[in-house]
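Shown next, in structure tokens, is the structure this report addresses.
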Amino acid sequence: MQKFLIIFLLSGSIFAFPSCRTPFQHLSATADSSFTALEEFRPAFGVGFYKTEVDVTGRHLSGILVIKKMPDSSMRVVFTNEAGPVYFDFSWTAVGEFIVESIMAQLNKKSVIKTLKKDFELILMNRLVQGKYEIRESETQRWFIFSRPKGYDVYLTNKSSTTLELMKRMGKRKPVVKATMVPDVDGIPSSFTIEHQQFQFKIQLNKMKRDVIE
Amino acid sequence: MRNIIVTTTFCFFSTVLYAQYSGYTAVPDPAAFKEQFSSNSKKTESIQSDFTQEKTLSLLSEKINSKGKFWFKRENKVRMEYQQPFQYLLVMNQGEILIKDGVKETKVSSSSGKLIQQVNRITVDCVQGTVFSNPDFITKVFENKSGWLVEMTPVAKNMKELFKNIVVIIDKSDYAVQTVEMNELRGDQTKIRFLNKQLNAKIPDHLFAVR
């Protein structure tokens, strides 16, 4: 299972070609330069427990993902098998530095770690303050576009920025990952879906109720 | 002077050894115990029980608790059905593994799922009495009035990367496993307790179907 995950994560990186054109030229520039409205959608962990399913080209892996904000304001993401050991344990310091606390040997490949890091950074929205950004608009949506070394993290809201409709990780031209988040009243989203566009790799997180797991 | 150092060192390590598992002392004749355990376990043709699982992640103050049903049938057939707070089914039958997560089924062959095989072999080995012949571990045995404590320390490379040790507690009254405690290198722990055991009840084969 892990071998397949590694092979397909590796193949995903092939599609991140650099290019001179930006994929946002069809959108209008806005006078708005603040992403405060977007920050309203940033998940407010505490601690969240998610039943997690990973599908990679017909293969299936499941477990429990725990996302926790630590007392020192660092963020921890731990994925464990339901019946056995921890697959990986990642953390981000308060200033956004990424640390691999532990990872199962079979998953311990640079490309796997890099892909998972970027996927989680997209949905946790913990890199908004890093790098250049711009805000553009279509007829119905507002695009918050954050430049990254090999592409962009993009968050699409409705025009009035009251609903977060889609999160995208893009290469220089094409989307690499599309993700959605369903908010919940406690600030800890009830679900996330992360779907890679260049190969079949999907992560589905569904929140577990705390009272049944403690 | 040398004698003092040797005696002090011996006392220190003896204390550490016994302090490790409070209330337990080392079994004086492990070889005899292993033989006795193995021969008595063979009398158990099947086990049906409930189980609770307590997962402690080192970063959390919270524990992740789950529970379900467990079945074992000789030879090498195990079914673990997690029922709360999630649905998760694990069936092992003669080296083949079926995992059902919600509605999705995954079959793991003996060649592609070596790690899963090794982890699950621990449970099978414990319940059918072959734990001491598992080459992936070296074992130490301790006892108290009601049970034996078997400490399994991994020697196989891939198991060493995962586990510090696995501690199994066996009930002296029926030679059945009471708890399996998997201790990972970074302090994470999974503890499974078997409750309401029924030994040698008739269990239909279809519960262990993996095809």
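Chain identifiers are assigned alphabetically (A, B, ...) following the order of the sequence lines, protein sequences preceding nucleic acid strands; residue numbering begins at 1 within each chain.
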[atom1] ([X]) with more than 12 external heavy atoms under 6.0 Å:
X	atom1	answer
A:Lys207	NZ	yes
A:Lys117	NZ	yes
B:Gln83	CD	yes
A:Lys159	NZ	yes

Quiz item: If every non-hydrogen atom of B:Met182 is compared with every non-hydrogen atom of A:Ala83, which pair is closest and at what distance?
Solution: CE-O, 3.6 Å
Would a distance-only check, ignoring hydrogens and angles, find a side-chain to backbone donor-acceptor pair under 3.5 Å from [X] to [Y]?
X	Y	value
B:Arg186	A:Asp89	no
B:Gln53	A:Glu82	yes
B:Lys55	A:Pro85	no

Practice problem: Give, as side chain, backbone, both or neither, the part of A:Thr80 having an atom under 4.5 angstrom from any heavy atom of chain B. | Solution: side chain
Quiz item: For A:Val86, is it the side chain, the backbone, both or neither that has a heavy atom under 4.5 Å from a heavy atom of chain B?
Solution: both
Practice problem: Would you check if B:Asp101 and A:Lys51 make a side-chain contact, meaning some heavy-atom pair closer than 4.5 Å? | Solution: yes
Quiz item: Does a side-chain heavy-atom distance below 4.5 Å link B:Tyr88 with A:Asn81?
Solution: yes
